[in-house]
Amino acid sequence: MKKTSRRVVIAGNWKMNMTPSAAKAAIEATAALVKGKDGCDVVLCVPFIDVATAVEAARGTNVKIGAQNVHFEKKGAFTGEISADMLTEAGVEYVIVGHSERRQYFGETDETVNKRTRAGLDAGLKVIMCLGEVLAERQAGITEEIVSMQTKLDLAGIPEEQLKNLIIAYEPVWAIGTGLTATPDQAEEVCCLIRKVVAGLYSEAAAEALTIQYGGSMNDGNAAELLAKVDVDGGLIGGASLVPEKFAKIVDAAQA
Ligand code: 13P
């Protein structure tokens, strides 16, 4: 399968930015700029508190709304957490799981990433599952081992038929919020590796159909060359997704 037959997904991760009123304005501005740009899926992953406003503001546009985390239990005594059913009922279509900031600051492990991914997929959400090496691991020459291990652990027990709702985001931790982007060749090398690991776990067909994003200081200046790589099927964008004009330019770069 050629890259062109995979769905390209450009997703913004707003992280802990935007109050509901700011979210409304940003979504309306983004939606106006990306109108009719249907060469890729356009997603904005917003803070939980913004979900209701965001879903309303995105209604009738080609912007889809995602959340930034989901709990793995269906309900119960888990103070501060949000379930997959709560998200779907609120109109959320996508959810980010396993972001490096969750792993780094909130004790997320491959085991919990796997459980959250399964809960999201079981509820019918499209899950953007993040993984990637830290700087020390790249410098030690173990990127391949780390990324392979994360891919295998994070996908444990997920049946092949659920992969149609899964996106893997390769986010080298050293490139996040640092302005240090992986070169297009570095991004391609690891996205290609992830695809090979998925082929080994499942099948060539499943791996070929899987959307694999790159994330880490992607912006309107470097998106085109990253997205030109055959195994890079989109982007997960932090800082630049907060500025509708910049984010829309990345969407433009994905229209090929
Ligand atoms: P930046 O684009 O700000 O580097 O963030 C990337 C990221 O973490 C997206 O999830």
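Every number for a ligand or one of its atoms is a count from 1 in the order of the listing. All values below were derived from every heavy atom in this structure, side-chain atoms included, with hydrogens, water molecules and symmetry-related copies excluded.
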- Item | K246 bridged to D220 by N-O distance under 4.0 Å | no
- Query: With a 4.5 Å heavy-atom cut-off, do V232 and Y170 have their side chains touching?
  - Reply: no
- Message: Within the structure, is a non-hydrogen atom of G215 found at a distance of less than 4.0 Å from ligand 1?
- Response: no
- Query: Do other residues, nucleotides or ligands put more than 12 heavy atoms under 6.0 Å from the CG atom of L180?
  - Reply: yes
- Query: What do you reckon, is CD of E145 surrounded by more than 12 foreign heavy atoms closer than 6.0 Å?
  - Reply: yes
- Query: Out of curiosity, is A175 lining ligand 1, as in a heavy atom under 4.0 Å away?
  - Reply: yes
- Message: Using a plain distance cutoff, I'd like to know if A240 has any nitrogen or oxygen under 3.5 Å from a nitrogen or oxygen of ligand 1.
- Response: no
- Determine, step by step, whether K115 and E73 satisfy the salt bridge (Lys or Arg N to Asp or Glu O under 4.0 Å) criterion, reporting the C-alpha distance in whole Å, the side-chain angles of both residues, the deciding distance to 0.1 Å, and the verdict. CA-CA 9 Å; K115 286 163 81 172; E73 295 293 345; 5.5 Å; no
- I176, any N or O under 3.5 Å of ligand 1 N or O: no
- Item | Shortest heavy-atom approach to atom 5 (O) of ligand 1 - which of K15, E171, Q213 | K15
- Note on the structure: Which of I176, I128, N69 passes side-chain contact (heavy atoms from CB on, under 4.5 Å) with H99? Answer is I176
- Looking only at distances, please establish whether an N/O atom of ligand 1 is found under 3.5 Å from an N/O atom of G216. no
- Message: Side chain or backbone, does H99 bring an N or O within less than 3.5 Å of an N or O on ligand 1?
- Response: yes
- Message: Please check whether T178 reaches ligand 1 - meaning an N/O of the residue sits under 3.5 Å from an N/O of the ligand, judged on distance alone.
- Response: no
